[in-house]
Undergrad: 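The structure that follows is given in the form of structure tokens.
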Amino acid sequence: AQWLNCDVRSFNYSVLGQFSVLMADPPWDIHMELPYGTMTDEEMLAMNVQCLQTDGVICLWVTGRAMELGRDCLTTWGYKCVGEILWIKTNQLQRLIRTGRTGHWMNHSKEHCLVGIKGDPKINHNIDTDVIVAEVRETSRKPDEIYGMLERLSPGTRKLEIFGRAHNTRPGWFTLGNQLPGTRITDPQVRELFAESYPDVPID
């Protein structure tokens, strides 16, 4: 597992190289009080995500209000939206979540993850379904099943998660976020490029 504590709004993504799979769970501004900072729509659209992939897949978690904005982000970043993954939320008894604090009109029992394609990625088709049924955990934490799906989709390739936290770090993945414990880079090329761009940041 490799990770990097940074401000994803201004980080120089080009030092990381290319990835086959990207996943992002942005702090969308959903016009509600949240226990973490959010990003404006303009900041999201301006992110330089496009330099991370020539041929690849991106999975972008969206909220109800950000559904169309998420599609706009994919288009702006150079992707074609080809579908979505649906997470059906359950409680500890494996029953559907029926009450919660999300949703303006109805309680949300699901979350959406938009899937975008760029270029001509070499992926395994039709292995998994587009629905995950999994238990809800901490605020904003997504189900671990998504990692298995993406690893089966594109095995043995470089994968990057943006807006990750300590619980998101895992073997075979690079994780970016402003709540990670320092910086750990084992890839020699990335380590060298990062040190050149950020000489004052210590690397584990």
Side-chain angles (χ1 to χ4, degrees), residues 1 18-28 30 44 49 52-165 167-177:
Q18 295 274 298
F19 294 86
S20 295
V21 174
L22 301 181
M23 181 164 66
D25 182 19
W28 303 105
I30 60 173
M44 285 301 309
V49 174
L52 294 166
Q53 286 186 317
T54 301
D55 302 286
V57 177
I58 186 171
C59 290
L60 182 66
W61 290 96
V62 294
T63 62
R65 191 199 80 81
M67 191 80 72
E68 291 308 311
L69 173 59
R71 294 179 187 276
D72 289 343
C73 285
L74 291 181
T75 299
T76 300
W77 298 339
Y79 293 89
K80 177 184 178 182
C81 189
V82 295
E84 66 178 67
I85 298 168
L86 197 65
W87 170 27
I88 306 298
K89 298 179 174 182
T90 62
N91 60 21
Q92 292 179 328
L93 299 176
Q94 304 305 306
R95 293 176 179 167
L96 185 69
I97 294 288
R98 298 186 181 278
T99 60
R101 64 180 193 83
T102 60
H104 292 284
W105 305 105
M106 298 179 180
N107 287 313
H108 289 173
S109 297
K110 66 185 186 313
E111 286 198 33
H112 300 259
C113 182
L114 301 178
V115 179
I117 295 289
K118 185 179 182 183
D120 184 25
K122 303 298 185 287
I123 56 177
N124 294 323
H125 294 272
N126 302 326
I127 293 180
D128 289 283
T129 67
D130 56 0
V131 176
I132 296 172
V133 179
E135 184 180 323
V136 170
R137 296 174 292 181
E138 307 97 291
T139 299
S140 80
R141 185 168 180 174
K142 300 303 184 284
D144 291 340
E145 285 85 347
I146 188 71
Y147 296 101
M149 289 178 67
L150 296 178
E151 286 159 6
R152 289 187 291 273
L153 183 74
S154 182
T157 60
R158 299 186 78 223
K159 298 174 179 67
L160 172 71
E161 180 168 6
I162 310 174
F163 304 104
R165 300 174 184 173
H167 62 247
N168 299 116
T169 61
R170 57 201 301 114
W173 286 75
F174 208 118
T175 309
L176 300 182

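None of the values given here were measured: they were computed from a predicted structure.
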Undergrad: Could you go through L153 and D128, starting from their C-alpha distance and side-chain angles, then the distance that decides it, and tell me whether this counts as side chain to side chain contact (heavy atoms under 4.5 Å, CB included)?
TA: CA-CA 8 Å; L153 183 74; D128 289 283; over 6 Å; no

Undergrad: May I ask you to establish whether K142 and W61 are in a cation-pi arrangement, using a distance under 6.0 Å from NZ or CZ to the six-membered ring centre and at most 45° from the ring axis?
TA: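 The answer is yes, since K142 meets both limits relative to W61.
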
Undergrad: Working to the nearest 0.5 angstrom, can you tell me the gap between K118 NZ and T54 OG1?
TA: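 Result: 6.0 Å between the selected atoms.
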
Undergrad: Quick check: does any side chain N or O of E135 sit under 3.5 Å from a backbone N or O of K89, one acting as donor and the other as acceptor?
TA: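 No; judged by distance alone, with no hydrogens or angles, the pair does not exist.
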
Undergrad: Which heavy atom of R71 sits nearest to which heavy atom of C81, and what is that distance?
TA: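 So the minimum-distance heavy-atom pair works out to NH1-SG, 3.4 Å.
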
Undergrad: Of all the heavy-atom pairs spanning L160 and T175, show the shortest one and how long it is.
TA: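 For L160 versus T175, the nearest heavy atoms are CD1-N, 4.4 Å.
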
Undergrad: Any side-chain to backbone donor/acceptor pair from S154 onto L150? Under 3.5 Å, distance only.
TA: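 Checked: no pair found.
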
Undergrad: What is the minimum heavy-atom distance between M23 and Y147, and which atoms define it?
TA: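 So the minimum-distance heavy-atom pair works out to CE-CE2, 3.5 Å.
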
Undergrad: Test side-chain hydrogen bond (donor to acceptor under 3.5 Å, both in side chains) on E145 and W87; report intermediate values, then the result.
TA: CA-CA 10 Å; E145 285 85 347; W87 170 27; over 6 Å; no

Undergrad: Does a salt bridge link D25 with R165, judged by any charged N lying under 4.0 Å from a carboxylate O?
TA: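 No salt bridge links D25 with R165.
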
Undergrad: Can you give me the closest heavy-atom contact between L60 and G70, atom names plus distance?
TA: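 Shortest heavy-atom separation between L60 and G70 comes out as CD2-O, 3.6 Å.
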
Undergrad: Is there side-chain contact between Y79 and L114, with heavy atoms separated by less than 4.5 Å?
TA: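 No. Closest side-chain heavy atoms not under 4.5 Å.
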
Undergrad: Just verifying a value: how many Å separate T75 OG1 and K80 NZ, rounded to the nearest 0.5 Å?
TA: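 So the OG1 of T75 and the NZ of K80 are separated by 11.0 Å.
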
Undergrad: Going from CG on L52 to CG on L22, what distance comes out if it is rounded to the nearest 0.5 angstrom?
TA: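 Reported to 0.5 Å precision, the distance equals 5.5 Å.
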
Undergrad: Enter the distance from M67:CE to W28:CH2 here, rounded to the nearest 0.5 Å.
TA: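 Spacing of CE (M67) from CH2 (W28) equals 10.5 Å.
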
Undergrad: So does Q18 get a backbone contact from the side chain of R158, meaning a donor-acceptor N/O pair under 3.5 Å?
TA: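 Yes: the side chain of R158 pairs with the backbone of Q18.
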
Undergrad: Nearest 0.5 Å please: distance from the OG1 atom of T169 over to the CZ atom of F174.
TA: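 Separation between the atoms: 11.5 Å.
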
Undergrad: Should K122 and D120 count as an ion pair when the cut-off is N to O under 4.0 Å?
TA: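 Salt bridge: yes.
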
Undergrad: Between I117, V82, L69, I58, which is the residue that forms a side-chain contact (heavy atoms from CB on, under 4.5 Å) with L74?
TA: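 By the side-chain contact (heavy atoms from CB on, under 4.5 Å) criterion, L74 pairs with just one of I117, V82, L69, I58: I58.
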
Undergrad: Kindly compute the distance separating NE2 (H112) from OG1 (T63), expressed to the nearest 0.5 Å.
TA: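 Reported to 0.5 Å precision, the distance equals 9.5 Å.
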
Undergrad: Please name the pair of heavy atoms, one in R152 and one in N124, separated by the smallest distance, quoted to 0.1 Å.
TA: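 That closest heavy-atom pairing would be O-ND2, 2.9 Å.
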
Undergrad: Measure across R137 and P143 and return the closest heavy-atom pair with its distance rounded to 0.1 Å.
TA: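 Nearest pair, atom of R137 first, then P143: NH2-CA, 3.7 Å.
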
Undergrad: Report yes or no: do E151 and W173 form a side-chain donor-acceptor pair below 3.5 Å?
TA: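 Per modelled atom types, E151 and W173 side chains form a pair under 3.5 Å.
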
